[in-house]
Amino acid sequence: MEYYQVVGGSPLRGSVNIHGAKNSVLPILAASLLVQGESVIHNCPCLSDVEYTVKILQYLGASVSRDGATLTVNTATIGRADIPESLMKEMRSSIIFLGALAARQGRACVYLPGGCEIGLRPIDMHLSGLQALHYAVSFDGSNICLSGEAAAADKVVLPFPSVGATENLILSSVFLPGKTTIINAAREPEIEDLCNYLNRAGAKIRGALTPVIEIEGVQALHATEHTVIPDRIVAATFLCAAAITGGEVTVRRVCLSHLAPVISVFQQSGCQLQLDKTGVYLKAPKRLRRVKHIETMAYPGFPTDCQAPVCAMLATAHGTSVLSETVFENRFIYVPQLRRFGADITVKDRVAVISGVRRLHAADAVCTDLRGGAAVLLAAIAAEGESVIKNIHHIDRGYEALEAQLTAAGVTVKRIKDEEV
């Protein structure tokens, strides 16, 4: 077992390069199933979720190789249409293979996905959307199976702009003759990245970043090359790390428009910001100011994935901040861990009231999920003294070598292997 040993209390200072977006890489890898040949994917981070996704591709018959930050995927020899429990249980996003497999093989059967326990994440929108495209859906309590014998292009109206459902519908409709229209589609930058990858391979998709996406069916997709967009959540996490430690940081290789929903939070908290074409510079004040109210929303609103790191940041702000979570009903499961460091946070239903304290103290804590784990680590680097953070495999799902990047910026975080912990 591995854990973090953290000596907190030092300001984070330096420059950080942001790796490729986890939430882009995973659907793009699933989409590679649709390509008859080779996909070369650049800026692909070394994350455990990426490793699990590669294992699924290899199980299905693909060959995958890595050279630094580039993955080369050849799906010419795909021979299966099923994904077992052992591979599906590691992450919720594995459900995106459902639409891709059905489009490639004409059928698909996958075990219910696993992942972080931050909420129910019902897949009913995925299934009802696929049924609207005339896929036959069956469920035996464990496995979800699709048959594409009668599948046809049509209009699909989503009751909520679900990212996963939008991705599944795009992947399942690429080969359907005619025009498929997704109404109330998710508008996240990662959706646009997926569409750009598919269009480079010969797909005909319009409307990414808008509520209406149109897909004109094509007969086949050809080999292609693509560079994944930077991870906006990782960038926001490093900005939070500088803010909570009273430091300063420059995050490089970012897309400024993708960070727009979170920039105002740092401005309200009293941080100095400088934006240019290559990155964001942040300098924290001696003590952060409260942010009156933040509400998570679908893009272009404040992202739910940034909620936990920002909550940790505001734990030491002057005054009381309020965070409302509208996307996942159990996203505040990390808050008891922040309280171990002395944070004063009260949660009722989906609202967290954060009464800022002057300083945090060292503690032993556990990561409850990916973004909650990042929040716990932020509390530890801000706290005076030595802390131990366990269950860090959650952090490895979405942050590449996070401890090395923090240490390079002046914060002491050591990854330690100990079978007894």
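As the structure is a prediction and not an experimental result, all values here were calculated from the model.
- Counting heavy atoms from C-beta outward, T412 and T407 have side chains that stay 4.5 Å or more apart.
- Atom CG of D67 has 12 or fewer neighbouring heavy atoms from other residues, nucleotides or ligands inside a 6.0 Å radius.
- Heavy-atom minimum distance, A242 versus V249: CB-CG1, 3.5 Å.
- A donor-acceptor contact under 3.5 angstrom links the side chains of H42 and E225, judged on distance only.
- Under a 3.5 Å cut-off, the side chain of R104 and the backbone N or O of L33 do form a donor-acceptor pair.
- Pairs of residues two or more places apart, or lying in two chains, that qualify as salt bridge (charged side-chain N to carboxylate O under 4.0 Å, His left out) and include a residue from residues 71-84 are R80-D82.
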Derivation and outcome, side chain to side chain donor-acceptor pair (under 3.5 Å), residues R252 and T278: CA-CA 6 Å; R252 299 289 186 192; T278 60; 2.7 Å; yes

Yes or no on side chain to side chain contact (heavy atoms under 4.5 Å, CB included) for S324 and H293, after CA distance, side-chain angles and deciding distance? CA-CA 8 Å; S324 298; H293 185 230; 2.8 Å; yes

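- Formation of a donor-acceptor pair under 3.5 Å by the N43 side chain with backbone atoms of T227 is not found in this model.
- For the pair I95 and I144, the minimum side-chain heavy-atom distance is below 4.5 Å.
- One N or O on the side chain of D140 and one on the backbone of N143 form a donor-acceptor pair closer than 3.5 Å.
- Heavy atoms of other residues, nucleotides or ligands lying less than 6.0 angstrom from CZ of R339 number more than 12.
- Here the closest heavy-atom approach between residue L158 and residue A185 is recorded as CD1-CA, 4.3 Å.
- To the nearest 0.5 Å, atoms CD1 (I333) and CG (D369) are separated by 4.5 Å.
- Atom CD1 of residue I83 and atom CD1 of residue I56 lie 5.0 Å apart, to the nearest 0.5 angstrom.
- Sorted by first and then second residue, the pairs that involve residues 222-251 and meet ring-ring contact (aromatic ring centres under 6.0 Å, His included), not counting sequence neighbours, are Y197-H226.
- For the atom pair I345 CD1 and F332 CZ, the distance stands at 9.0 Å (nearest 0.5 Å).
- Within the 4.5 Å cutoff, the side chain of P45 has heavy atoms near those of the V25 side chain.
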List the steps, then state whether side chain to side chain contact (heavy atoms under 4.5 Å, CB included) holds for I123 with L112. CA-CA 9 Å; I123 60 172; L112 276 176; 3.9 Å; yes

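- Taking each heavy atom of V254 and G279 in turn, the nearest pair found is CG2-CA, 3.7 Å.
- Salt-bridge formation is detected for the pair E190/R232: a Lys NZ or Arg NE/NH1/NH2 atom is positioned less than 4.0 Å from an Asp or Glu carboxylate oxygen.
- For the pair N184 (side chain) and V157 (backbone), a donor-acceptor distance under 3.5 Å is absent.
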Determine, stepwise, if the pair L87 / Y52 fulfils side chain to side chain contact (heavy atoms under 4.5 Å, CB included). CA-CA 7 Å; L87 293 174; Y52 295 134; over 6 Å; no

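- Under the 3.5 Å distance criterion, the side-chain polar atoms of T77 are matched with a main-chain donor or acceptor of G61.
- Applying the 6.0 Å contact sphere to CZ of R66 captures more than 12 heavy atoms from other residues, nucleotides or ligands.
- The shortest distance between side-chain heavy atoms of S269 and M313 falls below 4.5 Å.
- Looking only at distances, a side-chain donor or acceptor of Q337 sits under 3.5 Å from a matching main-chain atom of V366.
- Remark: I78 CD1 to S32 OG distance equals 7.5 Å, nearest 0.5 Å.
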Set out, in order, the CA-CA distance, both residues' side-chain angles and the distance that settles side chain to side chain contact (heavy atoms under 4.5 Å, CB included) for L34 and L198, then state yes or no. CA-CA 9 Å; L34 305 180; L198 290 168; 4.2 Å; yes

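- Looking at R253 and D231, no side-chain N of the basic residue comes within less than 4.0 Å of a carboxylate O on the acidic one, giving no salt bridge.
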One pair to check against side chain to side chain donor-acceptor pair (under 3.5 Å): T304 and R331. What are the steps and the verdict? CA-CA 8 Å; T304 181; R331 191 106 215 202; 3.1 Å; yes

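- In terms of heavy atoms, I170 sits closest to C195 at CD1-SG, 3.8 Å.
- Across every non-hydrogen atom of E400 and C46, the tightest pair is OE1-N, 3.2 Å.
- Distance CG/L360 to CZ/R358: 13.0 Å, rounded to 0.5 Å.
- Between E403 and R415 there is a salt bridge, since a side-chain N of the basic residue sits under 4.0 Å from a carboxylate O of the acidic one.
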Would E2 and H393 count as a side chain to side chain donor-acceptor pair (under 3.5 Å) here? Give the steps. CA-CA 8 Å; E2 296 183 329; H393 62 277; over 6 Å; no

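- Contact of the E214 side chain with the T180 side chain is not registered, since no non-hydrogen atoms from C-beta on lie closer than 4.5 Å.
- At a threshold of 4.5 Å between non-hydrogen side-chain atoms, the residues Q307 and Y334 count as touching.
- Taking the side chain as every heavy atom from C-beta outward, S387 and F341 approach each other to under 4.5 Å.
- Counting all heavy atoms, side chain and backbone alike, P113 lies closest to S94 at CB-OG, 3.4 Å.
- A donor-acceptor contact shorter than 3.5 Å links the side chain of T296 to the backbone of T326.
- You'll find the side chain of L275 stays beyond 4.5 Å of the side chain of Y281, heavy atoms only.
- Remark: E85 engages no residue in a salt bridge (charged side-chain N to carboxylate O under 4.0 Å, His left out) (not counting sequence neighbours).
- Of the possible polar contacts, none joining the Q274 side chain to the D276 backbone as a donor-acceptor pair under 3.5 Å is found.
- Applying the side-chain hydrogen bond (donor to acceptor under 3.5 Å, both in side chains) rule to R289 yields no partners; only residues at least two apart in sequence or on another chain are considered.
- A distance-only check finds no donor-acceptor pair linking the side chain of T316 to the backbone of R359 [under 3.5 Å].
- Residue pairs that meet the salt bridge (charged side-chain N to carboxylate O under 4.0 Å, His left out) test with at least one member in residues 17-33, sequence neighbours left out, are K22-D49.
- T75 places a side-chain N or O within 3.5 Å of a backbone atom of V35 that can act as its donor or acceptor partner.
- Under the salt bridge (charged side-chain N to carboxylate O under 4.0 Å, His left out) criterion, R13 pairs with E248, not counting sequence neighbours.
- To the nearest 0.5 angstrom, L169 atom CG is 9.5 Å from Y135 atom OH.
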